[in-house]
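In this text the structure is predicted, and so the values were computed from the model without any measurement. Remember, it's 1-based here, ligands and their atoms both numbered in the order they're listed.
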Amino acid sequence: CEQVGSGDFYVIYCDSKENFFFHRRSDVLMMTPWFAPIVWEGTYNFEILNEQFRQRNVTVGLTVFAIKKYVVFLKTFLETAEMYFMVGHRVNYYIFTDRPEEVPQVALKEGRNVVVLQVPNSPRWQEISMRRMEVLSYFSQQRFINEVSYLVCVDVDMKFNDQVGVEILSDLFGTLHPGFYTAERQSFTYERRPASQAYVPSDEGDFYYMGSIFGGTVMEVYKLTKKCHEAIMVDKANGIEAIWQEESHLNKYFLYHKPSKILSPEYMWDDNLGRPEILKKRRFLAVRKNHAAIRNK
Ligand code: 2GW
Ligand code: MN
């Protein structure tokens, strides 16, 4: 680096390999055509981002639903989040459950809190998954808006396996589905029936996003979840349910409200998909589940 000028007024010019060309990759798409970064390891400077968010003293809400037997996922989820999620920042965990007494006690670091919020369970699993949109929109305006700057909304059958930090935060973010990040638009599993509110025409669609991790500012998450919930209700009144429930509605929403940041599949990986070279980190991993045992009542 070269310093030009001195005292109160100087400029440092850095154009060394490390400063300009290090945070770049040629093997992945780093930015969308609407200038939203796609977050891959090696494309950002963690120290700079961390400092920016520390200066703002940001609090992040991590929302998770653990209905019925899914409470068994909470212990690993919370323990690994304490190791890897937003380390050094303020975090509120919001746990929605019908079994508050079964929420495990996990030791929390300073500046981190667990909030247990009781919600009714639903007889159909599709309802449990879809109702998340309704509950999140309600709590966003009732509570989250007063308590946190950003929300990160995730599945509970997951564990953190590497750092997930402020590099993911943005007004509105979605995550590339690990099964479709190399796929062509034609193979994306959008809802293709025009009768559904989640319908995406075959010549539209940017990416296929996964329903298990999205977020943004509380206001943006409110707008997203409210819109998705309303679309789900219209579908219900019309006797139709989107092929991948709220994930289909999320994909429709992101088509017409483009996310300002997109997370690579590092943030939503499943080891059943192997370990491709492109994946330098596996930050958030699906936990293997015994479907028969966990999904009955
Ligand atoms: C029960 C029976 C069948 C399926 C789910 C459930 C169930 C889900 C449950 O009994 N209790 C419960 O709390 N859940 C919540 O819904 C929990 O937070 C869970 O992580 C989330 C989604 O269900 P999951 O993780 O079993 O489904 P996946 O991993 O196949 O999720 C994908 O597809 C879903 C919609 O079909 C969602 O879009 C989800 O975001 C996707 O990751
Ligand atoms: Mn899941």
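- Relative orientation of the Y44 and F46 rings is perpendicular, given thresholds of 30° and 60° on the angle between their planes.
- Residue S129 has no N or O atom closer than 3.5 Å to an N or O atom of ligand 1.
- If you look at M210 next to ligand 1, the close heavy atoms, those under 4.0 Å, all belong to the side chain.
- Note: F188 and F180 have perpendicular aromatic rings, judged against thresholds of 30 and 60 degrees for the angle between ring planes.
- Here's the thing with K68: none of its N/O atoms is less than 3.5 angstrom from an N/O atom of ligand 1.
- Proximity of R54 to R56: side-chain heavy atoms (C-beta onward) are nowhere separated by under 4.5 Å.
- Side-chain atoms of S129 and E246 form a donor-acceptor pair, as typed in the model, at a separation below 3.5 Å.
- Residue I128 has no nitrogen or oxygen atom sitting less than 3.5 Å from a nitrogen or oxygen atom of ligand 1, judged on distance alone.
- Between K289 and ligand 1 there is a heavy-atom distance shorter than 4.0 Å.
- Close approach of ligand 1 to G211 is summarised as follows: ligand atoms under 4.0 Å from at least one heavy atom of the residue are 40 (O).
- D235 and S196 are linked by a side-chain donor-acceptor pair at a separation below 3.5 angstrom, with hydrogens and angles left out of the test.
- R192 and Y199 are not linked by any side-chain donor-acceptor pair at a separation below 3.5 angstrom, with hydrogens and angles left out of the test.
- Inclusion of S212 in the set of residues having an N or O under 3.5 Å from an N or O of ligand 1 is warranted.
- Ring geometry, Y93 versus F85: the interplanar angle falls from 30° to 60°, so the pair is classed tilted.
- Remark: ligand 1 atoms within the under-4.0 Å shell around heavy atoms of I67 are 9 (C), 10 (O), 11 (N), 12 (C), 13 (O).
- Under 3.5 Å, the side chains of S149 and T59 contain no donor-acceptor pair of N or O atoms.
- For M158, no heavy-atom contact with ligand 1 is shorter than 4.0 Å.
- Using a 30° and 60° split on the angle between ring planes, F144 and Y94 fall in the tilted class, from 30° to 60°.
- Taking a cut-off of under 4.0 Å to the non-hydrogen atoms of Q245, the atoms of ligand 1 that pass are 35 (C), 36 (O).
- Using cut-offs of 30° and 60° on the angle between ring planes, the pair Y208 and H177 is tilted.
- Proximity annotation for atom 42 (O) of ligand 1: of D155, I95, L74, T97, D155 comes nearest, heavy atoms only.
- Annotation: F65 places an N or O atom under 3.5 Å from an N or O atom of ligand 1; distance criterion only.
- Counting just the N/O/S atoms of D155, the one with the shortest distance to the Mn ion (ligand 2) is named OD2.
- In A66, the part holding a heavy atom less than 4.0 Å from any atom of ligand 1 is the backbone.
- Of the N or O atoms in D157, one or more lie within a sub-3.5 Å distance of an N or O in ligand 1.
- Heavy atoms of R132 come nearer than 4.0 angstrom to ligand 1 in at least one pair.
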